[in-house]
Amino acid sequence: MSDANVRIPEEAKDRLAAIAAAEGLSLRAYLARLAETMLTPAERAERAETARAALKAWNGYAPTGSEEDDLDSELDRRLAQVTAR
């Protein structure tokens, strides 16, 4: 496996290194683990579609695009309330 160099602000590197150290990992190991566990936008969309299909098969739940937008707005509103505290 070859290594890659990534240029980021020093503050970001220091923060990531502190997080890694708190978990008993090197920065290299922490970033490798992070890359393995994060989902790409395409992977998230695929999982969302799988979840929608499972819900529809299980109980018939199949919101329209407009209903999904309304639910997303409601979730955003509730998250904003919680983070404002």
Side-chain angles (χ1 to χ4, degrees):
M1 168 180 27
S2 65
D3 287 340
N5 291 320
V6 178
R7 295 179 56 85
I8 61 172
E10 188 74 22
E11 299 81 23
K13 182 198 74 85
D14 292 343
R15 179 174 171 80
L16 290 169
I19 294 167
E23 295 189 24
L25 298 169
S26 67
L27 179 55
R28 183 180 189 273
Y30 178 76
L31 292 174
R33 186 181 75 180
L34 186 64
E36 290 171 2
T37 59
M38 297 293 295
L39 299 175
T40 66
E43 290 166 334
R44 284 194 305 274
E46 182 180 335
R47 286 193 181 187
E49 184 54 41
T50 300
R52 277 192 289 276
L55 284 170
K56 186 175 181 182
W58 176 56
N59 67 5
Y61 181 71
T64 65
S66 176
E67 290 169 328
E68 285 182 8
D69 291 343
D70 291 344
L71 291 167
D72 286 345
S73 294
E74 178 63 13
L75 179 59
D76 290 342
R77 185 188 68 76
R78 290 183 186 198
L79 288 172
Q81 281 180 327
V82 171
T83 57
R85 292 182 186 170

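The figures here come from the full heavy-atom set of this structure, side chains too, leaving out hydrogens, waters and symmetry mates.
- Listed by first and then second residue, the salt bridge (charged side-chain N to carboxylate O under 4.0 Å, His left out) pairs that reach into residues 57-66 come to none, sequence neighbours excluded.
- Annotation: salt bridge (charged side-chain N to carboxylate O under 4.0 Å, His left out) contacts of Asp3 (sequence neighbours excluded): Arg28.
- Annotation: salt bridge (charged side-chain N to carboxylate O under 4.0 Å, His left out) contacts of Glu10 (sequence neighbours excluded): Lys13.
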Could you list the donor-acceptor pairs under 3.5 angstrom formed by side chains in residues 18-27, with sequence neighbours left out?
from  : atom 1 : to    : atom 2 : distance (Å)
Glu23 : OE1    : Arg33 : NH1    : 3.2
Glu23 : OE1    : Arg33 : NH2    : 2.2
Ser26 : OG     : Ala29 : N      : 3.0

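- Partners of Glu67 under the salt bridge (charged side-chain N to carboxylate O under 4.0 Å, His left out) rule, at least two apart in sequence or in another chain, do not exist in this structure.
- Cluster note: Leu75 groups with Leu79 through ILVMFWY side-chain heavy atoms spaced under 4.5 Å, whether in direct contact or through intervening members.
- Grouped by direct or indirect side-chain proximity (heavy atoms under 4.5 Å, Ile/Leu/Val/Met/Phe/Trp/Tyr only), Trp58 sits with Leu55, Tyr61, Leu71.
- A search for side-chain contact (heavy atoms from CB on, under 4.5 Å) contacts involving Ala12 returns Ile8, Pro9, not counting sequence neighbours.
- Arg7 meets the side-chain hydrogen bond (donor to acceptor under 3.5 Å, both in side chains) test with no other residue; sequence neighbours excluded.
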Show me the donor-acceptor pairs within less than 3.5 Å that the side chains of residues 45-54 make with the rest of the protein, sequence neighbours left out.
from  : atom 1 : to    : atom 2 : distance (Å)
Glu49 : OE1    : Arg52 : NE     : 3.3
Glu49 : OE1    : Arg52 : NH2    : 3.2
Thr50 : OG1    : Glu46 : O      : 3.0

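- With sequence neighbours excluded, no residue forms a side-chain hydrogen bond (donor to acceptor under 3.5 Å, both in side chains) with Glu11.
- Sorted by first and then second residue, the pairs that involve residues 73-84 and meet salt bridge (charged side-chain N to carboxylate O under 4.0 Å, His left out), not counting sequence neighbours, are Glu74-Arg77, Glu74-Arg78.
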